[in-house]
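Just below is one structure, and these are the notes that go with it.
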Amino acid sequence: AFGAGGGGKNAPAPVVVGLRPKGNHAGVVEVTRAGEKYATGDGLASGGCLLQHPTANAVLAAIQQHLAGTPGTSCALPVFDRRTGKGVLRSVTVRVAEEATAASASSSGDEKNKEKQASPAEVPVFAAVNVAASAVSVGSKKALLGLAMAIANVPGVHSVTLTSVSPTPELRLAEGRKQGWVRGGGLRHGHGRKNANSEDDDEVFGEVTVVHGPDTLPMRLGGVTFNVSPASFFQTNTAQAERLVQEVERACGFDDEPDETKNSKVILDLFCGVGTLGLCLAHRARSVIGWEMVPAAVADATRNAQANGIENAAFFVGDLTKLKELSSAAGKGKSKDKDSFLFDIDNNETATPDVILVDPARAGLSAELVSAIRKIAPPRIVYVSCNPVTQARDFYRFFGNEDESGKHGSAKRGSSFGHRYKLQSCTPIDLFPNTPHVETVAVLLRVDDGSA
């Protein structure tokens with residue numbers, strides 16, 4: 001995120017680039033300063049945050065150097081104030097793929113990019129940079145393009161894109177809360193929608209303009225190459241994401257299938273993003289059906305399936321937090337069961353899913369969606385979560401201890417509530433080293449006791 005430093009009375013405040021502190025949606029903690037060096041464990045010197053890739057640090061340093069050293073830039077590109085909706089620079093996202101992960105990138109870039117990436121020893125990574133900004137005036141747009149080209153000159157940068165942000169307030173003063181400012185300032189971001197796999201409003205995506213290189217970054221995971229666009233979510237820790245994919249594959253129970261039923265499972269992948277998990281499972285399944293609310297992510301997932309020759313996966317746009325509206329629109333009055341549209345696409349009598357895979361945002365699943373899954377009643381649910389607190393709450397609902405409205409009570413039985421489930425396993429994956437956060441992969445099995 002961009003923030004304003006301490007400026008003088010007659011001078012504009014310097015722009016700083018950093019992270020938002022916990023519980024503070026308006027402030028920014030600077031993590032990279034141009035020209036500073038930090039000692040690393042191997043004795044080498046590198047500038048910036050030690051938890052992120054050196055190329056990301058180099059990008060942030062280049063941004064600060066350009067803003068501080070280019071006459072007129074700081075005036076033309078003031079920090080976007082989320083409380084008022086005024087200003088230009090809002091946030092910057094740097095995605096980095098190791099050389100082996102993005103081996104195909106050099107074949108899709110322009111000639112200038114190929115020349116810059118010709119020496120793997122010098123540039124062992126590929127980085128995609130997206131700057132979110134609210135550039136309205138001609139001067140700010142020109143200055144923003146200058147900043148983008150300065151970023152493009154950083155070794156290893158594969159592409160640079162600019163994303164427009166609506167000039168409307170995003171924060172409001174909190175009433176009766178410890179936090180001074182909270183999300184929900186005024187009109188939402190208009191033409192932008194936040195990532196379905198992200199709880200925060202730290203990334204807002206409107207119209208995307210490609211300034212340098214291609215509009216996607218190739219990332220390889222689980223034997224599948226994903227071309228990821230700026231609006232799409234992808235795991236930041238790709239090394240541990242490989243372990244996550246392996247654990248999810250194990251959790252689906254493919255190894256327990258007898259030989260005569262190999263590759264026969266139907267997987268319903270909810271909150272699928274760019275198809276990260278579903279496409280990695282497709283080679284062991286009969287079919288994969290994915291749902292995701294971000295259209296750009298669904299487009300990426302569809303293209304990724306085609307590019308990898310995966311023909312048994314299909315992806316659809318839908319907001320799973322608004323299940324009733326989605327069901328009505330998808331069914332068009334044809335489906336008697338309001339929940340079956342999730343897998344019975346176009347009333348083609350697709351088999352009921354054997355596994356429902358869910359990977360929601362930190363807020364977890366709505367009580368309505370839990371109820372819908374219980375009524376679909378797959379033999380197995382694989383629940384991937386980055387927030388054990390909301391995951392535990394949803395376990396309670398799958399156990400049958402809440403109704404569709406989220407009210408507590410004794411175990412709910414009967415056809416109106418669907419099947420109950422029991423927890424078979426819950427495996428932690430350390431996707432966020434040096435933090436208190438953890439990813440978990442849980443397996444829930446249907447209780448066949450006549451509860452439905």
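This one's a predicted model, so the numbers in the text were calculated from it and none came from an experiment. Heavy-atom basis, side chains included; hydrogens, waters and symmetry copies ignored.
With no hydrogens or angles considered, a side-chain donor-acceptor pair links Thr161 and Asn130 at under 3.5 Å. Checked by atom type, the side-chain pair Gln240/Glu439 shows no donor-acceptor distance below 3.5 Å. A side-chain donor-acceptor contact under 3.5 Å links Asn57 and Gln52. Residues Gln235 and Thr276 have side chains that never bring a donor and an acceptor to within less than 3.5 angstrom of each other.
The structure places CG of Leu268 at 10.5 Å from CD1 of Ile381, a figure rounded to the nearest 0.5 Å. In this structure, Arg420 CZ and Lys422 NZ are separated by 10.5 Å, a value rounded to the nearest 0.5 Å. One distance of note links CD1 of Ile63 with CZ of Phe2; it measures 4.5 Å at 0.5 Å rounding. In this structure, CG in Leu444 is found 11.5 Å from CZ in Arg374, a value given to the nearest 0.5 Å. Glu170 CD to Asp81 CG: the interatomic distance, rounded to the nearest 0.5 Å, is 9.5 Å. Here the straight-line distance linking atom CG of Leu89 with atom OG of Ser74 works out to 10.5 Å at 0.5 Å rounding.
For residues 135-145, the set of pairs meeting the side chain to side chain donor-acceptor pair (under 3.5 Å) definition, not counting sequence neighbours, comprises Ser137-Ser140. The salt bridge (charged side-chain N to carboxylate O under 4.0 Å, His left out) analysis of residues 295-307, with sequence neighbours excluded, yields the pairs Asp300-Arg303.
Using modelled atom types, no side-chain atom of Ser385 and backbone atom of Thr440 make a donor-acceptor pair closer than 3.5 Å. Not a single donor-acceptor pair under 3.5 Å links the side chain of Arg82 to the backbone N or O of Gly85. With hydrogens and angles ignored, the 3.5 Å screen pairs no side-chain donor or acceptor of Glu292 with any backbone N or O of Phe315. Side-chain N or O atoms of Arg380 include one that pairs as donor or acceptor with a backbone N or O of Ala251 at under 3.5 Å. Ser91 contributes no side-chain N or O that, together with a main-chain N or O of Ala132, makes up a donor-acceptor pair within less than 3.5 Å.
By the side chain to side chain donor-acceptor pair (under 3.5 Å) test, Arg284 is found to be paired with Glu249, Asp255, residues two or more places apart in sequence or in another chain being considered. Legend: residues meeting side chain to side chain donor-acceptor pair (under 3.5 Å) with Glu247, ordered by chain and number and at least two apart, are Arg250, Thr427. Taking Asn308 as the reference, nothing meets the side chain to side chain donor-acceptor pair (under 3.5 Å) condition, with sequence neighbours excluded. In this view, Thr55 and His53 satisfy the side chain to side chain donor-acceptor pair (under 3.5 Å) rule, not counting sequence neighbours.
Across Arg90 and Arg20, no two heavy atoms sit closer than the pair O-NH2, 4.2 Å. Taking every heavy atom of both residues into account, Pro428 and Val438 meet most closely at CB-CG2, 3.8 Å. Annotation for Phe316 and Val298: closest pair O-CG2, 3.6 Å, computed over non-hydrogen atoms.
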Please lay out, stage by stage, how Leu145 and Leu162 fare under the test side-chain contact (heavy atoms from CB on, under 4.5 Å). CA-CA 9 Å; Leu145 286 175; Leu162 303 176; 4.1 Å; yes

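Classification of the Phe234-Phe226 ring pair by plane angle, with boundaries at 30° and 60°, yields tilted.
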